[in-house]
Amino acid sequence: MINMLVGLRDWVDARLPIMRAWNTHMGQYYAPKNFNFWYFFGVLSLLVLVNQLLTGIWLTMSYNPSQEGAFASVEYIMRDVDFGWILRYMHSTGASAFFIVVYLHMFRALLYGSYKKPRELIWIFGMLIFIALMAEAFVGYVLPWGQMSYWGAQVIISLFGAIPVVGDDLVTWIRGDYLISGITLNRFFALHVVALPIVLLALVVLHLLALHEVGSNNPDGVEIKKTKGADGIPLDGVAFHPYYTVHDLQAIGVFLFVFCGIIFFLPEMGGYFLEYANFEEANSLKTPAHIAPVWYFTPFYSVLRAVPDKFWGFVAFAASVAIPFLLPWLDRSPVNSWRYRGNITKVMLVVFVASFLILGVLGVKAPTPARTTLAQICSIIYFGFFLFMPIWSSLDKTKPVPKRVTMDGGIGVWGSLAGLALILALTILPLKAVGSEAEFNCGSMACDEIEVNPHDKASLQSGAKLYMNYCMGCHSLKYARYTRVATDLGIPEDLFMANLVSDPDTRIGELMDNAMDDRTAKVWFGANPPDLTLVSRARQPEWLYTYLRTFYKDPTRPYGVNNKVFKDVGMPHVLLELQGMPECAMGPVTAHNGGVKRDPLTGQDILEDPCGRFSINTAGKMTPEEFDGAVYDLVNFLAYMAEPVVADRHRIGTFVLLFITLFFVFAWLLNREYWKDVH
């Protein structure tokens, strides 16, 4: 069998030089033996690229690139495709992971001068990859067709309208329509799955070819090709395979542990990887309170917002992306690595990184005068780092560079931690100074804290009963199916249909749409009641819990009630018979009604609120404690409906992390065995 495989390899090699390519780029490609932590991010970038390509292929098999079907098809993947939720989370988390490892890869180049002669072309190809990646991420971000996808695209595309003469025509050409529509979505889909991946792959190949032609840089900035043995092999080099292939397995193990930890336990990452507003379908008539691009674009978006003029803001935005291309010609230092540069380089690099992080954080926050001022200062630092580099890099004092690589150079673990602490301090302190928020999470108050439990089937069953009895008449769960709910909640299908479904013509496999047609809903309510399948992810369970418990009597409203969380909501108090009718009374907002209300400026409790507490003069069927429990069950059920795979996600994730831990142990042992004789 082995002889047959060897014979096949030789037959192919005689017609296609696979062994020569292998030796050139792996087996006989000699890399410096002193690579450190920062050199892991190149191979991790390739790993994430492969992840994005493979998961993207599978997602396109079930995705519908149309204005009517895009959002629903994403939910179909999440709910009805076997393990489709894993593919979606791998892809969404992979997008953020791609930018994290690429940013760190670029930072390593800044540390060790990997853009300097003879590696200028490597840097240029790397920057082109970054531009292509930004374009790929932008068009891909539109595809889920959520609120932030739509409005983020609206803001970014409209920027091109600032270009004189051709701006408006260019915006129309990009959209393919006079407004963002299904045509825009369709062409962005084509760019995302066909055109841009081809460009990205071509640039990655060119990047690697250029790298292997001149050789890898190293933390000392020493050219290992200058010191070779009698056999022509660099004395300070080792073959990339097997030494660095097994060495990189350790980093892959650590990366996969973090990556899978996010996928299975924090896929939304607090609204940064999957934004809460994107769990609402795109609506051109409903503008989100705060429009911001996804986090990896926000440093450049902050530069844009820092300039008050639209045209010059666009120029600054474009320049902030383009100016790093000039880095190989701006740096006039005679040495590569910052190990042998003076304090000026180190100070400038630390300040630059801190300003870049500040710009990134400011980009996800609503602008205020103080935040705009800080963004303007950091934008000046950002551009100043590059524009004045020819001056400060030539003035910086350097140390003698060793003739050969060192194995114990650098600032060490404690020095690295101290540097990280300094960067974080320079980032956090200015943000704290301008970071005061004036709004509560729940309108006029802070939300009550609750913790939903997808494993509590008794609570979920109670919540399902409440939903079917009090909510289903107006609100659909149109992305969920009856059969899935019955199975997950442990209710036999016949009992579920007999007791929780009122329409005898409904089948167990149907989507949970209600019987109220759109015309009737508009007559009764003036608008269609929203679908609630994803309301818990879009609004968060704490908001829902507080909202449902804070209706109060208000004769001025059409249905005689108002709400503390959602002022002037056009909805009746559907749980009135359970709670009774709350009425306002003067006093502080109690914890029972959403947490103590505090003055955002002084931090003091506001004691005199005309609706600071509720009194129930007409009692309902439940005591206040029973009603709170019923609302919790309802919210718990809605949280389950928003993501029915939570329990499976946690269970599978635990086993995956255990497997990766075992993988890392074997990778570490293998690496130790290979490297034990390398000095």
Side-chain angles (χ1 to χ4, degrees), residues 20-47 101 104-119 122-123 126 207-255 335-341 398-416 419 664-679:
R20 187 175 69 189
W22 170 265
N23 290 331
T24 300
H25 300 290
M26 296 292 288
Q28 294 177 10
Y29 172 70
Y30 290 91
K33 61 183 179 182
N34 66 333
F35 279 173
N36 60 15
F37 164 82
W38 292 106
Y39 286 81
F40 285 129
F41 296 105
V43 71
L44 294 181
S45 300
L46 282 175
L47 176 68
V101 296
L104 292 172
H105 192 54
M106 295 168 72
F107 177 66
R108 189 263 294 166
L110 288 176
L111 282 178
Y112 301 130
S114 299
Y115 48 83
K116 293 176 70 68
K117 184 180 179 181
R119 298 180 177 84
I122 300 173
W123 176 257
H207 185 66
L208 292 174
L209 289 175
L211 172 66
H212 290 182
E213 179 63 28
V214 299
S216 300
N217 189 27
N218 59 80
D220 288 311
V222 175
E223 296 295 338
I224 64 170
K225 291 182 179 180
K226 293 181 179 180
T227 309
K228 296 183 178 180
D231 53 2
I233 296 175
L235 296 176
D236 294 322
V238 292
F240 194 88
H241 177 78
Y243 291 98
Y244 277 114
T245 48
V246 299
H247 187 64
D248 289 342
L249 286 177
Q250 299 174 102
I252 290 172
V254 174
F255 172 80
V335 302
N336 292 349
S337 175
W338 84 323
R339 289 182 177 182
Y340 306 107
R341 298 197 189 191
T398 61
K399 302 174 185 177
V401 180
K403 295 184 181 297
R404 295 181 58 181
V405 302
T406 61
M407 299 299 292
D408 56 353
I411 60 177
V413 175
W414 295 110
S416 300
F664 173 79
V665 171
F666 282 104
W668 179 79
L669 292 172
L670 184 65
N671 178 73
R672 189 178 67 169
E673 181 65 23
Y674 269 95
W675 281 78
K676 65 183 180 181
D677 296 324
V678 177
H679 303 289

For this session: Side-chain contact test, heavy atoms from C-beta onward, threshold under 4.5 Å: evaluate it for Asp248 versus Phe40 and give yes or no.
Result: yes
Seminar exercise, completed: CZ (Arg672) and CD (Gln250) are apart, to the nearest 0.5 Å, by 11.0 Å
Problem set entry | Flag side-chain contact, heavy atom, 4.5 Å: His25 against Leu209 | yes
Seminar exercise, completed: For Asn36 and Tyr112 the tightest heavy-atom approach is ND2-OH, 2.9 Å
Exercise. Do NZ/NE/NH1/NH2 and the carboxylate oxygens of Lys117 and Glu223 come within less than 4.0 Å?
Worked result: no
Exercise. So, do Ile252 and Leu47 sit near enough that their side-chain heavy atoms are less than 4.5 Å apart?
Worked result: yes
For this session: Step by step, work out the side-chain contact (heavy atoms from CB on, under 4.5 Å) result for Asn217 and Asn336.
Result: CA-CA 9 Å; Asn217 189 27; Asn336 292 349; 4.2 Å; yes
For this session: Would you name the heavy atoms of Ala109 and Trp123 that are closest together and state the gap between them?
Result: CB-CZ3, 3.6 Å
Problem set entry | Worked check of side-chain contact (heavy atoms from CB on, under 4.5 Å) between Tyr674 and Val238 | CA-CA 11 Å; Tyr674 269 95; Val238 292; over 6 Å; no
Exercise. How are the rings of Phe41 and Trp38 set to each other: parallel, tilted or perpendicular (split at 30° and 60°)?
Worked result: tilted
Problem set entry | Heavy-atom closest pair, residues Glu213 and Lys225 | O-NZ, 3.2 Å
Exercise. At what distance, to the nearest 0.5 angstrom, does NE2 of His241 lie from NE2 of His247?
Worked result: 15.5 Å
For this session: Check Pro219 against Ser337 and note the closest heavy-atom contact, atom names and distance.
Result: O-OG, 2.6 Å
Problem set entry | Check: Val405 and Ile224 side chains under 4.5 Å, non-hydrogen atoms | yes
Seminar exercise, completed: Checking Tyr29, Tyr244, Tyr39, Tyr30 against Ser216 for side chain to side chain donor-acceptor pair (under 3.5 Å), the one that qualifies is Tyr29
Exercise. Going by heavy atoms in the side chains, are Leu44 and His105 under 4.5 Å from each other?
Worked result: no
Exercise. Looking only at atom types and distance, does a side-chain atom of Trp675 sit under 3.5 Å from a main-chain N or O of Tyr243, one as donor and one as acceptor?
Worked result: yes
For this session: Decide yes or no for Arg404 and Val222: does some side-chain heavy atom of the first lie under 4.5 Å from some side-chain heavy atom of the second?
Result: no
For this session: For residues Asp220 and Val401, report the shortest heavy-atom separation together with the two atoms involved.
Result: O-CG1, 4.0 Å
Exercise. Looking only at heavy atoms, which two atoms of Tyr340 and Pro400 are closest? And how far apart?
Worked result: CD2-O, 3.6 Å
For this session: Decide side-chain contact (heavy atoms from CB on, under 4.5 Å) for Glu673 and Val246; before the verdict, give the C-alpha distance in whole Å, the side-chain angles of both, and the deciding distance to 0.1 Å.
Result: CA-CA 10 Å; Glu673 181 65 23; Val246 299; over 6 Å; no
Exercise. Is Leu235 close to Lys228 at the side-chain level, that is, under 4.5 Å between some pair of heavy atoms?
Worked result: no
For this session: For the pair Phe240 and Trp22, evaluate ring pair (Phe, Tyr, Trp, His ring centres under 6.0 Å) and give the outcome as yes or no after the intermediate values.
Result: CA-CA 11 Å; Phe240 194 88; Trp22 170 265; 9.6 Å; no
For this session: Keeping the roles fixed (side chain from Arg119, backbone from Gly215), state whether a donor-acceptor pair exists under 3.5 Å.
Result: yes
Exercise. Could you state the interatomic distance from CG (Asp236) to CE (Met407), rounded to the nearest 0.5 Å?
Worked result: 9.0 Å
